[in-house]
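Since the structure comes first, as structure tokens, the remarks are kept for the end.
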Amino acid sequence: GPVWSINRTFEVDPMAPSVLGVDAERYDHREQAVDQRFDIEVMDHVLLPDALEAMVWLEWRDDDNGDRWPDPTEHRPVDLRPPADLTTPTGIYTLLIDDSSGLEGERVGFYVQGTDAAGHALQDGGGPERTEHLVIYHLGPERAPELPSGGFSLLGGPRSVLHPGT
């Protein structure tokens, strides 16, 4: 009978994808918007993940226990828009959040999760605990803290020179 010869090429993917950065500070301020945009840069050596999701917490919607902080069970998934070309080593995934119904001073937090085609979990995307979020931000303008008049006093009255320990 006939002899068939088939050549296959396999690429080994020993590396997990990882978040390289996001275009926001870890603790930030943003004005309310219908389409709050975050660009998240992800790296993977063989093939970028085709789908990642952000686990988003909106204080006014998701804070079930009323403590004003995100808890692991209070997040909702939002799909990220992947880059057009998944074969490059890095790509920008886009997250859009509608935080327009939040009030000034309320918070929004998110972390990113997912796997690549080889099943490796995304690294450095944050997590569900209070100190693990990729980004958590207050709604409203970024401004210097305000101290009301009479908001503090000096023990022993004013002094001409202030120095630690005096």
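- Residue pairs meeting the ring-ring contact (aromatic ring centres under 6.0 Å, His included) criterion with at least one member in residues 77-98: none, sequence neighbours excluded.
- Both tests do not hold together for R107 against W60: distance to the six-membered ring centre under 6.0 Å, angle to the ring axis within 45°.
- Between P89 and H45, every side-chain heavy-atom pair lies at or beyond the 4.5 Å cut-off.
- Side-chain contact between Q36 and L96 is absent, with no heavy-atom pair separated by less than 4.5 Å.
- To the nearest 0.5 Å, atoms CD (Q113) and CG (L134) are separated by 12.0 Å.
- Within a 6.0 Å radius of CD in E25, other residues, nucleotides and ligands contribute 12 heavy atoms or fewer.
- Closest of all the heavy-atom pairs between V56 and L58 is CG1-CD2, 4.0 Å.
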Kindly list each side-chain donor-acceptor pair under 3.5 angstrom involving residues 114-128, sequence neighbours excluded, with atom names and distances?
| residue | atom | partner | partner atom | Å |
| --- | --- | --- | --- | --- |
| D116 | OD1 | A118 | N | 3.1 |
| D116 | OD1 | G119 | N | 3.1 |
| D116 | OD1 | H120 | N | 2.9 |
| H120 | NE2 | D13 | O | 2.6 |
| Q123 | NE2 | A121 | O | 3.1 |

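- Proximity of I97 to V78: side-chain heavy atoms (C-beta onward) are nowhere separated by under 4.5 Å.
- Both V112 and V22 are part of a single hydrophobic cluster, where members link through side-chain heavy atoms under 4.5 Å apart.
- E59 approaches G105 most closely through the heavy-atom pair OE1-O, 4.5 Å.
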Verdict with reasoning, D71 to T73, per side chain to side chain donor-acceptor pair (under 3.5 Å): CA-CA 6 Å; D71 291 307; T73 60; over 6 Å; no
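- Using a 4.5 Å heavy-atom threshold, the side chains of V108 and I136 count as separate.
- One finds the CG atom of L139 at 8.5 Å from the CG atom of L103 (value rounded to the nearest 0.5 Å).
- Taking CG of D62 as the reference point, atom CH2 of W57 lies at 8.0 Å (rounded to 0.5 Å).
- Connectivity analysis of hydrophobic side chains (ILVMFWY, heavy atoms under 4.5 Å, direct or indirect) links M43 to L20.
- Interatomic distance, CD1 of I92 versus CG of L80, reported as 11.5 Å (0.5 Å rounding).
- What you find for P49 and D44 is that their closest heavy atoms are CD-OD2, 4.3 Å.
- Note on W69 and Y27: same hydrophobic cluster, where clusters join Ile, Leu, Val, Met, Phe, Trp and Tyr whose side-chain heavy atoms are under 4.5 Å apart, directly or indirectly.
- Nearest heavy atom pair, residue H29 against residue G140, reads CB-O, 3.6 Å.
- Checked for salt-bridge contact, R37 and D39 meet the test: a charged N lies under 4.0 Å from a carboxylate O.
- Closest heavy-atom contact between Q32 and G102: NE2-O, 3.2 Å.
- Contact check for N65 versus E74: side-chain heavy atoms found under the 4.5 Å cut-off.
- By the rule that hydrophobic residues join a cluster once side-chain heavy atoms approach within less than 4.5 Å of another member, V42 and L86 end up as members of one cluster.
- Between G109 and H133, the shortest heavy-atom contact is C-CD2, 3.8 Å.
- No close placement of the Y137 and F110 rings is indicated, their centers lying 6.0 Å or farther apart.
- To the nearest 0.5 Å, atoms OG1 (T94) and CG (L52) are separated by 11.5 Å.
- Note on D99 versus R30: no salt bridge recorded, every NZ/NE/NH1/NH2 to OD/OE distance being 4.0 Å or above.
- No side-chain heavy atom of H138 sits less than 4.5 Å from a side-chain heavy atom of E106.
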